[in-house]
Enquirer: 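Questions regarding the structure given below will be posed in turn.
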Number of protein chains: 2
Amino acid sequence: MSDPAHLLQAPSPNVFDSACPTRAILDRIADKWTVLLLILLARRTMRFNELRRGVDGLSQKMLSQTLKSLERDGLVTRTAYPTVPVTVEYAITPLGIDLAAALDGLRRFAEDRLPDIENARARFDAT
Amino acid sequence: MSDPAHLLQAPSPNVFDSACPTRAILDRIADKWTVLLLILLARRTMRFNELRRGVDGLSQKMLSQTLKSLERDGLVTRTAYPTVPVTVEYAITPLGIDLAAALDGLRRFAEDRLPDIENARARFDAT
DNA sequence: CAGTATCCACGTCGATACTG
DNA sequence: CAGTATCGACGTGGATACTG
């Protein structure tokens, strides 16, 4: 009774299986622009061009594209105010906050362990 | 005295600056194959073709390429045993374990929150 | 088994121009 | 301000073939 057929209809999600929907999710969230934008938005709600300035090297196209994807996935919300010219605010959702917490771990690793990595590279390249 | 010149020579690392070395690090670790391989290797030491089988969809070229990069960055070690045919083991390093812990957060998010994301998408696509 | 080498298709991404 | 549309360069990455 530990394995009745009806319990097998939802196989446990597994990112290592390329056919598993979770794999596609992982591919999307392990994206450089997604990482940076979500970390920024976890700090505070921001406007479109504000985000553009906040992430050095991010093109308008990729910003727009990534934001749309984030919105679709329920990670951020988009709110347009009928000012002239129009004002649009992007805010993180509770789901997004969950993810941003994990993503910020990557940022911290990169910033904290930079010296270790540079040392490792120097040693590797020396041989 | 809170800002003597010699203290400014090492500006605080900032992933949002495209010129900062930490940005390049982030780009490398926020890579789909890196994420999956490091999570696997955090569980146990594995051989080349074992890793290949463990990550569905990963080509030999990308595996080889990613492993070399991970080794160079001091995240994994490569050990070849003079058997016939040759046996090569990849093991995670302490630095790699640090990163893998953060990366596994991404995997857990993907696997745990898949329903939330799918719901969000359905709602978004409905409008 | 554990790679390397080559070729090339495909998609990503940036640059540019235009709009409400 | 906040986008969209188009185009073309570039690099990633898969397929294939070969090697110690």
Side-chain angles (χ1 to χ4, degrees), chain A residues 16-19 23-37 40-41 44-73 76-92 124 127, chain B residues 16-19 23-37 40-41 44-73 76-92 124 127:
Chain A
F16 297 104
D17 175 9
S18 65
R23 166 69 83 84
I25 302 289
L26 187 68
D27 290 353
R28 274 248 66 261
I29 64 184
D31 167 72
K32 56 193 279 193
W33 302 131
T34 296
V35 172
L36 293 170
L37 285 176
L40 268 190
L41 287 173
R44 66 178 178 82
T45 293
M46 293 176 89
R47 307 242 303 271
F48 186 86
N49 280 311
E50 202 175 3
L51 286 167
R52 187 152 155 57
R53 285 186 299 270
V55 181
D56 191 28
L58 172 56
S59 71
Q60 195 173 27
K61 177 185 174 180
M62 290 313 295
L63 174 57
S64 166
Q65 193 172 301
T66 307
L67 283 173
K68 201 171 299 178
S69 182
L70 291 176
E71 189 195 359
R72 184 170 111 96
D73 289 350
V76 308
T77 60
R78 195 195 97 112
T79 313
Y81 299 97
T83 54
V84 188
V86 64
T87 300
V88 179
E89 280 194 345
Y90 289 90
I92 201 165
F124 184 89
T127 62
Chain B
F16 298 104
D17 174 10
S18 64
R23 167 68 82 87
I25 301 289
L26 187 68
D27 290 354
R28 275 246 66 261
I29 64 184
D31 167 73
K32 56 192 280 194
W33 302 131
T34 296
V35 173
L36 293 171
L37 286 175
L40 269 191
L41 288 173
R44 66 178 179 83
T45 293
M46 291 176 92
R47 309 242 302 271
F48 186 85
N49 280 312
E50 201 176 4
L51 286 167
R52 188 152 154 57
R53 284 187 298 270
V55 181
D56 191 28
L58 172 56
S59 71
Q60 196 172 28
K61 176 186 174 180
M62 290 312 295
L63 174 58
S64 165
Q65 193 172 300
T66 306
L67 283 174
K68 201 172 299 178
S69 182
L70 291 175
E71 188 193 0
R72 184 170 111 95
D73 289 350
V76 307
T77 60
R78 195 195 97 111
T79 312
Y81 299 97
T83 54
V84 189
V86 63
T87 301
V88 179
E89 281 195 345
Y90 289 90
I92 201 164
F124 184 89
T127 62

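Numbers restart at 1 for each chain; the letters A, B, ... are given by sequence-line order, proteins then strands.
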Enquirer: Under 4.0 Å, heavy atoms only, any strand: does A/K32 hit a base, just the sugar-phosphate, or nothing?
Expert: nothing
Enquirer: Pull out every stem in DNA chain D, meaning runs of 3 or more consecutive Watson-Crick or G-U wobble pairs with both distances under 3.5 Å.
Expert: C:1-20 with D:1-20
Enquirer: Which residues, if any, of residues 47-58 of chain B bring a heavy atom under 4.0 Å of DNA chain C?
Expert: B/R47, B/F48, B/N49
Enquirer: Measuring to OP1 and OP2 of D/dA2, would you say a side-chain N or O of A/S64 lies under 4.0 angstrom away?
Expert: no
Enquirer: From D/dG3, D/dG14, D/dT4, pick the nucleotide closest to the side chain of B/M62?
Expert: D/dG14
Enquirer: Would you mind writing out the side-chain donor-acceptor pairs for residues 51-65 of chain A within the sub-3.5 Å range, not counting sequence neighbours?
Expert:
residue	atom	partner	partner atom	Å
A/R52	NH1	A/L58	O	3.1
A/D56	OD2	B/S18	N	3.0
A/D56	OD2	B/S18	OG	2.6
A/S59	OG	A/M62	N	3.2

Enquirer: Among pairs that include at least one residue of residues 25-37 of chain A, which meet side-chain hydrogen bond (donor to acceptor under 3.5 Å, both in side chains), considering only residues two or more places apart or in two chains?
Expert: A/R28-A/T34, A/R28-A/S69, A/D31-A/T34
Enquirer: Which whole-number value in Å describes the distance from B/E71 CD to C/dA2 C1'?
Expert: 13 Å
Enquirer: Report the residue (A/K61 or A/Y90) whose heavy-atom-nearest nucleotide on DNA chain D is the more 5′ of the two.
Expert: A/Y90
Enquirer: Tell me which nucleotide among C/dG14, D/dG3, D/dG14 gets nearest to the side chain of B/W33.
Expert: D/dG14
Enquirer: List every contact pair, protein side and nucleotides 17-20 of chain D side both N or O, where the distance is under 3.5 Å.
Expert:
none

Enquirer: Considering residues at least two apart in sequence or located in another chain, which fulfil the side chain to side chain contact (heavy atoms under 4.5 Å, CB included) criterion with A/R78?
Expert: A/E71, A/A80, A/V88, A/Y90
Enquirer: Give the rounded distance in Å between these two atoms: NZ of B/K68 and C1' of C/dG3.
Expert: 8 Å
